[in-house]
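Some notes on the structure that comes next.
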Amino acid sequence: MNEEDIAARNFVTTDLEKGSVSLGTKTLSLNFISRIKNDLHIEYDTCQTALREWFTFGSPATAYMIVLGNKNIELMQEDPMTNGIFKILPQCHAAPHYFKWRRPKDASVSEIRTKVIKLINKMTKLLMASVWISTGFPMRYTELSILSVGGTSRNLYVDSDTRLFYFRVTYNKNRKFDNRIFMMDLPVTRNLFWFVYILRPFEIELLSQMLDVTDSSMLIGHFTNAVRQEIEHEAEELLATDGDEFNEETNQLVETSEALIEELRTKQAAGLAVMCTCIFVDVERFKLVTLSTFNGILLKYPKKRSARENMKISGLRQCLAGLWKDIIRPSLEGDVVPVRTPALFGHSKQTHEVVYGVNPSRDFPTNGSFDDYYAYKKLAQEFQSLTQYTLVQTKRTFEALVVEPQERQCHEAEAGIYDLLKAGGELFENFEFKSSAQERFTSAVLNSNERLLALQAITAFGRSLTFILPMLALKRKQRGKYVHFVAVPYESLKMATRTKLENAGLVVGETGMLTDLHAEANLSGVDVLVGCFDSYGDAGVADAMKRCEKVFSTRRSRGIFVFDEAHVLWLEKSFRDIFHSVKGLNWKSFLKVAFVFAKLPEWLLERICQERRIENEVWEKRLYVDAVKKAPNQNIPVDVENVRKIQIVERTAAMILNYLGNSTASKAVFFFGAKATMDAVRRRVNNHEVGMVHADLDSETKRSIFDDFENPDSPARVILGTKLISNGLDCASVNCVCVIDCNMTIIEYLQMIGRIRGEGYVKVMVTRAASMRREIDEDDPLMRILRALPDSRRSLGPS
DNA sequence: ATGGCTCGCTGGATAGACGG
DNA sequence: CCGTCTATCCAGCGAGCCAT
């Protein structure tokens with residue numbers, strides 16, 4: 001290599017201050033890698049969840065926990081002669097988690113099959129990138145693409161200590177450094193495990209027809225290419241030596257290859273063999289995932305466009321070498337690293353010196369003669385701990401990422417995931433978690449080292465299950481040991497929560513019982529106490545809570561304390577001072593303190609915790625899970641109109657008729673501030689397509705009107721009501737909400753427009769200037785939340 | 001340091017998806 | 001329905017890599 005060549009190369013430069021390395025204009029840091037990892041992980045998770053529309057199956061986390069991560073299942077001895085990962089851990093263990101069609105007839109719908117195959121293909125690529133980047137020592141593309149779980153070249157292994165997957169890569173480009181170890185981290189292992197053990201058998205089943213028929217095409221494709229090169233090579237030689245025309249017809253090689261291809265065509269099992277051998281198969285096109293596809297994925301991460309560095313495989317490899325040299329190695333303890341790190345990249349000494357500016361013996365002095373397995377493992381763990389999956393919280397938006405709970409020392413479990421699933425099974429037939437975020441949070445409530453747990457999630461997420469299941473599981477495992485507490489903001493929610501808990505099979509009491517005369521006797525069988533926030537501030541209750549041990553028998557201890565809809569603690573504090581009294585409890589003594597809410601950034605949560613005097617040591621051991629991938633209803637257009645009072649009835653009636661005339665299947669909700677207006681409108685549009693509820697009706701009649709409206713087949717398409725009906729109405733096809741001259745708080749407004757689940761629009765008609773009570777002043781942090789919403793939402797009400 | 005051989009990048013072509 | 005955008009494929013080449 002001459003001087004000019006060297007000068008022309010892009011060298012990696014290091015910025016120690018920022019902890020990053022640069023290649024030309026592109027910058028790589030550990031934080032950047034962790035963002036990529038995180039985003040890939042979330043995307044995979046999203047796809048996995050999307051599949052649940054058609055299937056039931058065990059999620060990666062559950063399946064891993066119960067099968068591969070379960071140390072009660074012994075791994076078979078590694079035997080160099082037996083190939084196939086399923087010899088080490090038989091596939092049958094995963095069978096209970098296999099895919100099942102929700103509606104078996106879907107299996108024959110080709111649109112659904114196409115969608116599913118696309119999703120699977122996407123996941124294949126995401127997983128590929130995850131695997132590649134998580135090890136810290138990225139493979140060459142060729143090495144990655146041929147990773148396999150079976151056959152003579154199988155290179156997936158399980159570390160029996162950590163129960164994590166790793167790859168041993170021998171690649172003939174560089175025989176000198178064979179058997180490099182690539183250790184996956186936990187999230188990647190989970191996903192890969194699920195992919196190989198649960199998704200793959202399903203893929204094979206889904207594609208069985210194609211595997212039977214067009215079966216060997218992917219092998220043939222590969223083979224043909226390889227052979228064609230040989231042929232061309234030979235043809236050239238022939239031409240060079242004696243000038244004969246190269247005749248494909250009579251050529252020996254062509255003959256052999258065609259015979260082989262023919263053989264593959266007839267051999268039905270070839271496609272199956274590939275599916276059982278290779279991991280990264282493009283099931284849409286029946287071939288291995290190509291390099292450009294893979295680079296395409298790398299270029300799309302992190303998700304956030306402005307944060308991308310547009311690095312491809314080679315740039316990343318180069319930068320990673322720089323990171324190891326200047327950032328990671330110095331952070332390792334001692335002066336030596338256990339292995340010659342550059343070896344992990346599969347390069348020679350010389351290449352590093354020249355191209356990467358790394359001198360292995362100078363920059364990575366080793367302490368051992370040979371690179372050994374444990375050393376590789378240690379380095380991979382070091383890298384992974386430096387690029388953890390972390391919460392990336394942007395200041396102004398709710399754009400959110402799921403926190404991957406870090407691995408911690410296990411403490412003794414009161415109950416485990418089995419118990420959660422069992423509890424779920426008692427409540428619902430074929431119970432399974434709706435999302436992995438739900439599953440993760442729920443198991444954290446039951447069993448993790450965190451003391452304070454916070455969950456931000458939308459209404460349909462299944463938030464209440466995240467604490468009901470752990471309560472149930474604890475009740476089964478430790479009967480009578482724990483008393484749990486649930487605090488909710490409103491009286492109506494209290495009743496609803498009571499019902500939910502009772503239906504789940506828990507014995508429920510109210511906080512008021514704590515101050516009863518015969519509290520001790522009454523409370524003996526109670527599992528959980530429900531009360532409004534302010535009831536915990538009541539002097540008598542607060543006192544009783546403080547001497548819990550006296551009120552309850554000494555055998556019982558404090559279980560989970562749940563703040564449901566915790567954002568209200570902040571939103572309403574300015575006008576309900578009594579909330580301030582919910583404090584001064586000995587929070588440390590609870591098994592867990594859990595906050596669940598629709599919207600509450602972590603910094604606000606912190607302030608709430610300070611106000612409730614939640615001890616620092618509890619706060620420090622916290623887990624904040626943000627399952628809101630997108631602020632709900634963010635893109636819904638809002639139209640605010642000032643209308644003269646005298647016109648309002650007529651305008652509203654016209655709007656209803658217009659709506660009924662224009663749309664066919666969707667539904668609309670009209671909220672009225674005054675019952676008189678509603679009645680007047682009702683008189684104008686009194687037909688079977690319009691329903692109406694008001695406070696005078698008894699609850700049964702109300703329910704039946706709701707049910708009628710929620711039923712997609714019924715003619716009822718518009719419902720009129722006061723703002724009270726915003727609780728309890730849940731209909732997926734609502735696409736229009738009209739708010740007619742209502743006095744409302746921001747919370748009520750959000751609740752009303754929350755009726756729209758997907759696309760839709762909001763119309764607000766007002767007659768007075770002060771249509772929204774100004775309970776929240778401009779300096780209130782709530783306004784900062786609202787400012788993150790689109791303008792139309794903020795400028796609600798006349799300015 | 002040199003030369004040969006691969007790997008991975010490039011950019012145009014094409015098919016397919018998307019959105020108005 | 002059509003133009004636009006996006007993903008993928010393909011072929012060719014230059015940089016990267018390795019052996020000597």
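Just so it is clear: chains get the letters A, B, ... in the order the sequence lines come, proteins before strands, and each one is counted from 1. Please read these numbers as outputs of a predicted model, since none were measured by experiment.
The side chain of A:Asn295 places an N or O atom within less than 4.0 Å of a non-bridging phosphate oxygen (OP1 or OP2) of B:dC9. The phosphate of B:dG16 (OP1 or OP2) has no side-chain N or O of A:Lys118 nearer than 4.0 angstrom.
When rounded to the nearest whole Å, the span between CD of A:Gln318 and P of B:dG8 equals 13 Å. In this structure, CZ of A:Arg317 is placed 11 Å from P of B:dC7, rounded to the nearest angstrom. Remark: P of C:dA15 and OH of A:Tyr141 are 24 Å apart, rounded to the nearest angstrom. Rounded to whole Å, atom P of B:dC7 lies 16 Å from atom CZ of A:Phe294. We find that NZ of A:Lys115 is positioned 13 Å from P of B:dA17, with the value rounded to whole Å. The nearest whole Å value for the distance from the CZ atom in A:Arg140 to the P atom in B:dC9 is 12 Å.
Rounded to the nearest 0.5 Å, atoms OG (A:Ser314) and CZ (A:Arg317) are 8.0 Å apart. To the nearest 0.5 Å, atom CD of residue A:Glu43 and atom CD1 of residue A:Ile297 are 8.5 Å apart. Atom CG of A:Leu28 and atom CG of A:Leu316 lie 6.0 Å apart (nearest 0.5 Å).
A:Tyr301 does not carry A:Arg308 over the face of its six-membered ring by the limits of under 6.0 Å from the centre and within 45° of the normal.
For the pairing with A:Val283, the side chain to side chain contact (heavy atoms under 4.5 Å, CB included) check across A:Asn121, A:Ile204, A:Leu206 returns one residue only, A:Asn121.
Contact annotation for A:Lys122: no contact, since no heavy-atom pair falls under 4.0 Å across all strands.
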message: What does the B/S/- profile of nucleotides 5-14 of chain C look like, 5' to 3', with a 4.0 Å heavy-atom cutoff to protein?
response: --SSB-----
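The ring of A:Phe99 has its center closer than 6.0 angstrom to the ring center of A:Phe202.
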